[in-house]
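A short worksheet on the structure shown next.
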Amino acid sequence: SKNSKFDRPTIICSANNTVACFDSNNNCIKVFDNQFVWKKTVNLSKTKKLEVRDIKFREINKHFYVLSYTPIDNLYYFTEYDEKFTKIQDFTFKDKLSIADVQFNKLAISTQDSNVFYVTTNNTVYKKFFTKPQYTFAIYKREKMGQNPLHYWNTEYIDWNLDYFTWNY
């Protein structure tokens with residue numbers, strides 16, 4: 001069926017018996033159960049193309065968080081979804097990235113503070129509160145940490161741009 005076919009899937013998150021996958025050419029997130037039975041499709045925007053950078057699950061409230069970007073207006077969004085992938089709220093980051101940082105890549109949820117999450121670039125880690133995600137309250141720069149924050153935070157970037165094919169299940 002069309003619900004289980006993909007056209008350039010780029011980001012996947014699996015948690016709480018749910019698998020969420022960003023289908024980039026269809027501009028949607030497809031949600032499945034842990035047996036890969038389709039549950040719903042979340043269309044991201046009818047007016048602009050969104051690029052999802054990461055999807056994370058927060059255990060404390062059983063919610064999913066999506067980091068996305070619109071190249072047209074150069075804005076980053078942080079969207080919260082409940083456990084059934086119904087949108088709860090949407091925030092626009094107020095950060096102005098430096099030329100060295102280029103783009104936000106990944107989310108990481110703090111294991112030490114339940115109100116904190118991190119957003120990484122290639123050179124910097126931005127520390128944010130879940131209660132005010134549009135604002136950054138601390139920045140860790142690569143030159144001060146001595147190593148690439150992507151490795152420090154144990155995240156990985158994989159370039160899917162070379163995979164131009166449709167996935168079918």
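Both backbone and side-chain heavy atoms feed into the values below; hydrogens, waters and symmetry mates do not.
- To the nearest 0.5 Å, atom OH of residue Tyr77 and atom OG of residue Ser68 are 7.5 Å apart.
- Placement of Tyr65 and Ile60 in two distinct hydrophobic clusters is found when ILVMFWY residues are connected by side-chain heavy-atom separations under 4.5 Å, directly or transitively.
- A distance of 7.5 Å separates NZ of Lys2 from NZ of Lys30, quoted to the nearest 0.5 Å.
- Hydrophobic clustering places Val66 together with Leu75 (ILVMFWY residues linked when any side-chain heavy atoms are closer than 4.5 Å, directly or through intermediates).
- Using a 4.0 Å cut-off between charged side-chain N and carboxylate O, Arg53 and Glu51 make a salt bridge.
- Between the OG1 atom of Thr10 and the CG atom of Asp54 there is a distance of 10.0 Å, given to the nearest 0.5 Å.
- Aromatic pair Phe93/Phe104: centroids less than 6.0 angstrom apart.
- Considering all non-hydrogen atoms of both residues, Phe130 and Ser114 come closest at CD1-O, 3.8 Å.
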- Item | Val116/Phe129 under side-chain contact (heavy atoms from CB on, under 4.5 Å): CA gap, chis, key distance, verdict | CA-CA 5 Å; Val116 171; Phe129 287 124; 4.1 Å; yes

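- Other residues, nucleotides and ligands contribute at most 12 non-hydrogen atoms within 6.0 Å of the NZ atom of Lys84.
- Of the candidates Tyr81, Phe78, Phe85, Phe64 forms a ring-ring contact (aromatic ring centres under 6.0 Å, His included) with just one, namely Phe85.
- Ile12 and Phe36 fall within a single hydrophobic cluster, where Ile, Leu, Val, Met, Phe, Trp and Tyr are joined by side-chain heavy atoms under 4.5 Å apart, directly or via other members.
- A donor-acceptor pair under 3.5 Å is formed between the side chain of Ser110 and the backbone N or O of Gln112.
- Expressed to the nearest 0.5 Å, how far CD of Gln89 lies from CG of Asp82 amounts to 11.5 Å.
- Of the possible polar contacts, none joining the Asn16 side chain to the Thr18 backbone as a donor-acceptor pair under 3.5 Å is found.
- No continuous path of ILVMFWY side-chain contacts below 4.5 Å connects Leu67 to Val102, so the two sit in separate hydrophobic clusters.
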- Message: side-chain contact (heavy atoms from CB on, under 4.5 Å), that's the test. Do Val125 and Thr120 meet it? Break it down for me.
- Response: CA-CA 4 Å; Val125 176; Thr120 64; 4.0 Å; yes

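- In this structure, Ile88 CD1 and Asn61 CG are separated by 7.0 Å, a value rounded to the nearest 0.5 Å.
- With hydrogens and angles ignored, the 3.5 Å screen pairs a side-chain donor or acceptor of Asn27 with a backbone N or O of Leu50.
- Ring geometry for Phe6 against Phe32 counts as tilted: the plane angle lies between 30° and 60°, on a 0 to 90° scale.
- At a threshold of 4.5 Å between side-chain heavy atoms, the hydrophobic network of Ile, Leu, Val, Met, Phe, Trp and Tyr places Ile109 and Ile139 in one connected group.
- Applying the salt bridge (charged side-chain N to carboxylate O under 4.0 Å, His left out) test to pairs two or more places apart or on separate chains, those with a residue in residues 126-135 are Asp95-Lys128.
- Of the inter-residue distances, the one linking Arg8 atom CZ with Asp23 atom CG reads 10.0 Å to the nearest 0.5 angstrom.
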